[in-house]
2 protein chains.
Amino acid sequence: MGDAVPKQVDQAERRQAMSEAVWRVVAERGMDGLTLRAVAAAAGCTTGMVTHYFRDKKALLTHARSLMHHRMADRVEALAAHGSAQDRLRSACEQALPLDDERHLETVVWAHFQLSVRADPELLRHHAAAHASWIRRLTGLVRDALPHPEPPDLHERAHSLAAFLDGLAINAVTDPGAYPSELQRRVLTTHLSLILTTAKGPAAP
Amino acid sequence: MGDAVPKQVDQAERRQAMSEAVWRVVAERGMDGLTLRAVAAAAGCTTGMVTHYFRDKKALLTHARSLMHHRMADRVEALAAHGSAQDRLRSACEQALPLDDERHLETVVWAHFQLSVRADPELLRHHAAAHASWIRRLTGLVRDALPHPEPPDLHERAHSLAAFLDGLAINAVTDPGAYPSELQRRVLTTHLSLILTTAKGPAAP
DNA sequence: CCTATGACATAACATCCGTTACGTAACAAC
DNA sequence: GTTGTTACGTAACGGATGTTATGTCATAGG
């Protein structure tokens with residue numbers, strides 16, 4: 001009984017290719033259009049190959065989800081640490097916006113994944129943790145970009161910025177014609193300048 | 001051949017009941033969990049009754065969508081016209097946030113509908129028009145709440161507010177534990193006070 | 001009363017889905 | 001070469017789905 005192990009394919013690479021096919025299918029047809037056959041067609045292979053690398057549909061989705069999460073996290077991690085605090089804040093914000101085709105697809109897929117999280121308690125916990133981490137990072141960036149001492153509503157400003165970014169990204173993706181990247185940048189500029197305001201105007205109740 | 005027309009049921013009422021069943025199913029199981037049988041079960045009837053009042057699944061979805069749209073539009077329309085400009089602006093913003101169970105469900109369903117718009121060009125046009133109208137209304141409210149003369153970035157501020165509201169609503173709905181209504185109100189207060197700021201702080205690039 | 005019609009329930013239908021089983025070819029160890 | 005394992009493609013399976021057909025009952029007009 002020999003231990004013959006003929007392994008000439010890069011399994012991780014295949015899995016990634018299929019995950020990317022999942023992204024494309026989700027972006028084009030939504031979660032209810034995500035079928036193994038559609039994924040196989042988008043990946044240019046057969047359903048047999050998909051089931052060969054993933055136990056079942058849930059495993060495929062989990063992998064596609066985690067890969068997307070890593071992809072976005074890596075982009076956050078790769079942000080330049082140099083430059084002024086304002087520059088670093090703006091860079092972090094821009095990477096969360098669908099300013100090019102790649103981020104456009106990411107935004108669509110991420111929106112679908114985020115919404116579908118509601119159906120699975122475990123996914124919800126995972127998402128909540130990731131979101132809290134994102135809020136923490138934004139809070140730090142906003143604090144660094146503001147003059148000392150930090151304002152008492154720092155956390156609210158960070159939350160405001162996070163919500164703004166998510167909303168703008170989704171609006172840009174569900175109504176692409178109305179949100180060219182140039183408008184997105186202009187609105188971001190306005191929002192950042194408001195967030196970094198120190199002297200308050202007339203207060204809202 | 002008599003013209004017997006025994007019509008003792010209110011068809012509009014039935015259709016609304018089934019549309020509300022659609023909302024509940026979409027909120028609980030997402031778009032891919034929306035089946036005629038699930039809708040019938042949620043409405044407490046049979047699939048035969050559903051097909052009796054709607055030609056096919058698409059007609060059912062269209063009606064549920066349009067009813068939800070009217071419901072949200074009516075709420076906007078019912079906003080108090082009295083009070084200060086700031087009060088009217090805040091009221092308009094609060095009705096867009098999931099501060100109670102009713103608006104929570106509305107937000108979830110609306111998010112699903114908004115995302116699924118991408119798969120249908122006609123729905124996309126409809127959504128774009130509604131969104132533009134919403135932006136216009138917000139712009140007017142912000143202008144009224146700001147001292148004259150209006151700032152040059154008025155439209156950007158309105159877009160910023162619209163994106164913020166959408167994002168906060170979605171965050172609150174995908175991570176309910178982290179966004180109690182009290183936090184939503186606090187963040188809204190901060191955002192509104194920033195939006196209504198006239199004296200600018202350090203500008204972001 | 002009688003009949004036509006609307007308001008349903010029930011059930012059958014083809015289709016599509018996820019899953020699983022089976023078959024084949026390629027390659028490493030012996 | 002032989003063998004055993006991996007890497008697929010093909011196809012079949014039961015179940016779920018949207019749709020359609022059929023049946024039943026109540027009711028309003030004649």
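Here is the naming used below: chain letters follow the sequence lines, and residue numbers restart at 1 for every chain. Since the model is a prediction, treat every value here as computed from it, not as a measurement.
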Q: Return the value, rounded to whole Å, for the distance between atom CG of A:Asp56 and atom P of C:dT19.
A: 5 Å

Q. Please give, in whole Å, the distance from D:dT19 P to B:Tyr53 OH?
A. 19 Å

Q. Do side-chain atoms of A:Arg103 reach the backbone of A:Glu94 as a donor and acceptor pair under 3.5 angstrom?
A. yes

Q. For B:Leu36 and D:dT20, what is the distance between atoms CG and C1' respectively, to the nearest whole Å?
A. 12 Å

Q | Atom-pair distance (NZ on B:Lys57; P on D:dG18), nearest Å | A | 4 Å

(Q) Is it the case that atom NE2 in A:His112 sees more than 12 heavy atoms from other parts of the structure closer than 6.0 Å? (A) yes

(Q) Can you tell me if A:His52 touches the phosphate of D:dA7, counting only side-chain N or O atoms and a distance under 4.0 Å to OP1 or OP2? (A) yes

Q) Within this structure, what is the CG-to-P distance between A:Asp10 and D:dT6, rounded to whole angstrom? A) 16 Å

Q. Rounded to whole angstrom units, what separation is found between the CZ atom of B:Arg29 and the P atom of D:dA16?
A. 12 Å

Q | OP1 or OP2 of D:dA7 under 4.0 Å from side-chain N/O of A:Gln11 | A | yes

Q. Should the pair B:Glu156-A:Arg185 be classified as a salt bridge under the 4.0 Å nitrogen-to-oxygen rule?
A. no

Q | B:Thr35 side-chain proximity, nearest of D:dT10, D:dT17, C:dA9 | A | D:dT17

Q. What's the CZ-C1' distance between A:Arg14 and D:dC8, to the nearest Å?
A. 9 Å

Q: Quick one: sort the A:Tyr179 and B:His159 rings into parallel, tilted or perpendicular, breaks at 30° and 60°.
A: perpendicular

Q) What's the CZ-P distance between B:Arg37 and C:dA9, to the nearest Å? A) 14 Å

Q. Checking all strands, does B:Leu34 fall into the base, sugar-phosphate, or nothing category for heavy-atom contacts under 4.0 angstrom?
A. sugar-phosphate

